[in-house]
Amino acid sequence: MIHVHELTKRYGAIAAIDRIGFDVAPGEILGFLGPNGAGKTTTMRIVTGFVPATSGTVSVAGYDVFEHPLEVKRRIGYLPEQPPVYPELTVSEYLRFVGRIKGLARRALSAAVDRVLASCGLADVRGRRIGNLSKGYRQRVGLAQALIHDPPVLILDEPTVGLDPKQIIEVRELIRGLGGAHTVILSTHILPEVTATCQRVVIINEGRIVAVDTHAGLAARLRRSEKIRLTLTRAAADAEAVMRGLPHVLALGPESADGSGGRSWLVEAELGHDIREDLARCAVSRDWGLVELRPVTLSLEDVFLKLTADEAA
Amino acid sequence: MRLGGVRAIVALAAKEIRVATVSPILYVVAGVFLAIVGLFFSQIVTVASLQSVQMLRFQGALPQLNLTVLVFHPIFRNIHVILLLVIPLLTMRLLSEERKHKTVELLMTSPLTLTQIVAGKYLAALAIFAGLLALTGYMPILLAAWGAVDWPTVLSGYLGLLLVGGVYLAIGLLASSLTENQISAGIVTLGLILGFWVIGWAAITAETTTVQPVLEHLSINQHLDRFLKGLLDSASVVYTLSVTGFGLFLTHRVLDSGRWR
């Protein structure tokens with residue numbers, strides 16, 4: 001649905017993004033993850049046709065953004081970083097205006113406005129001036145604006161910024177619901193957001209793509225050993241030595257205990273060998289007071305830090 | 001242009017007018033404009049009636065004195081001067097605000113051409129300005145109750161003000177495209193309009209016969225005067241429309257340039 005190829009944008013000598021390329025399949029929700037200033041917004045602005053690229057190509061639904069900008073713009077709903085609202089207008093006036101400039105027919109307009117008012121939880125404030133609304137509501141008006149013409153492609157730049165936790169959950173659910181019928185690119189610097197909503201992640205740092213994969217795939221790719229966290233309440237003096245002696249164990253390091261009164265270790269084993277059963281049998285047979293035994297998976301945060309650290313090295 | 005294209009322009013213009021009617025600026029500008037014009041009007045009518053009484057007493061030559069010369073020429077020239085203050089206030093926010101509130105991202109990622117955006121903005125400003133001018137229509141109507149108003153000449157004067165105002169609005173829109181600061185846009189507009197006037201003054205004082213006609217043609221005052229006299233000169237219509245078109249073209253170029261991105 002969306003193809004980005006060798007995309008570069010330079011501001012003078014500085015490359016905001018450098019030869020970025022990725023594809024988004026129809027109906028997919030793609031997370032665009034990176035720290036502030038990584039080039040997420042720049043990429044999105046190029047895909048939506050707001051900013052021209054220095055080089056490279058972008059196509060949306062088969063149309064090249066630079067050759068056929070209007071065809072692309074008709075198919076995209078875009079929520080910029082800052083919701084593009086007119087504080088003077090009421091919510092429904094604003095949404096009608098956006099519908100009209102997006103080319104909605106007069107007959108379809110009222111129905112479209114009612115639909116997005118309902119789906120974005122704005123029905124109660126439809127008659128209020130946008131300038132008098134809270135930031136959370138404005139953000140939702142921005143989202144409603146992107147959805148008004150029911151575009152096949154949605155580009156959402158940090159859609160949950162400024163929302164309270166309940167609203168964040170609502171918006172994430174809304175976005176998840178958009179997948180399938182819509183192709184979505186969503187940018188964020190909040191890691192759980194990607195886990196919560198996206199099927200695939202593009203990690204970007206300093207204008208370059210660091211990784212493109214599913215969340216699980218990324219975590220698996222970076223795992224160089226099986227890690228297990230273990231806590232014992234009555235560990236014998238020789239416990240460490242005994243555990244080190246178990247087959248496939250590579251390393252053993254003390255971990256900070258979680259306050260349950262025992263001592264914790266991080267046990268690393270060879271990739272592809274599950275040693276939990278051996279560890280458990282060993283601990284129970286020696287009566288070490290086994291209270292915790294769980295595999296440690298990398299959080300997206302670890303993935304991100306690891307990838308960007310690898311990049312820097 | 002396709003029908004859909006016109007609809008988008010109308011939608012843009014309607015939004016602009018709606019936004020303007022919410023802000024107090026429009027009402028303040030309209031109020032002050034009408035108050036000043038009203039003051040001038042009462043002054044000029046008083047002076048005109050004194051003059052005509054004197055003329056009648058000394059010369060008995062009323063026929064060549066009429067309301068057009070005694071009242072409408074001075075009042076329209078005064079309105080023209082007040083435009084220097086009114087136009088920047090009407091145009092300064094048109095594009096600056098879009099940029100400042102980042103709503104320009106919405107416009108530029110919607111299926112709109114830059115021509116539609118410029119046209120929508122300009123037509124909204126023109127409609128508001130035309131509305132302000134129309135509100136001064138009470139003057140000829142009032143005078144028609146007491147004297148013979150030469151309607152074709154009055155309407156030609158209004159057309160002249162509309163066309164000249166149209167030039168200034170295009171200049172104002174251009175200035176507004178150059179900065180996200182409304183005040184700067186307003187001051188630049190004021191400066192540019194004054195610049196046009198300076199050309200006119202230079203035309204009056206120019207000595208050489210080669211430069212003088214050129215300056216005179218470029219002088220907006222000369223063209224306005226023709227409209228005030230009831231002369232619908234095609235050269236003046238073409239002049240005002242082409243300067244307006246040039247201003248809008250430059251605005252289009254500015255929007256197209258990297259400045260906005």
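If you're wondering where the values come from, they're calculated on a predicted model, not measured in any experiment. Numbered from 1 within each chain, the chains take letters A, B, ... in sequence-line order.
A:E71 does not touch chain B: none of its heavy atoms, backbone or side chain, sits under 4.5 Å away. Only the backbone of A:L104 comes within contact range of chain B, with heavy atoms under 4.5 Å apart. A:V98 touches chain B through its side chain: at least one heavy atom from C-beta onward sits under 4.5 Å away, while N, CA, C and O do not. Contacts of A:E81 with chain B are absent, with no heavy-atom separation under 4.5 Å from either backbone or side chain. Contacts between A:L89 and chain B at a heavy-atom distance below 4.5 Å involve the side chain alone, from C-beta outward. The part of A:R129 that comes within reach of chain B is its side chain, from C-beta onward, which places non-hydrogen atoms under 4.5 angstrom from that chain.
Shown here are the side chain to side chain donor-acceptor pair (under 3.5 Å) partners of A:D64, two or more places apart in sequence or in another chain: there are none.
Taking the six-membered ring for Trp and the full ring otherwise, B:F227 and B:Y158 have centroids separated by 6.0 Å or more. The six-membered or imidazole ring of A:F32 lies near that of A:F22, with a centre-to-centre distance under 6.0 Å.
A:R45 and A:D157 are not joined by a salt bridge, as no carboxylate oxygen comes within less than 4.0 angstrom of a charged side-chain nitrogen. Between A:R200 and A:E28, at least one side-chain N (NZ, or NE/NH1/NH2) sits under 4.0 Å from a carboxylate O, which counts as a salt bridge. At a threshold of 4.0 Å, the pair B:K121-B:E98 counts as salt-bridged, since one of the basic side-chain nitrogens sits closer than that to a carboxylate oxygen.
For the options B:E97, B:R18, B:K15, heavy-atom pairs under 4.5 Å to chain A are most numerous at B:K15. Looking only at heavy-atom pairs under 4.5 Å with chain B, the residue among A:A105, A:P84, A:P69 that has the most is A:P84.
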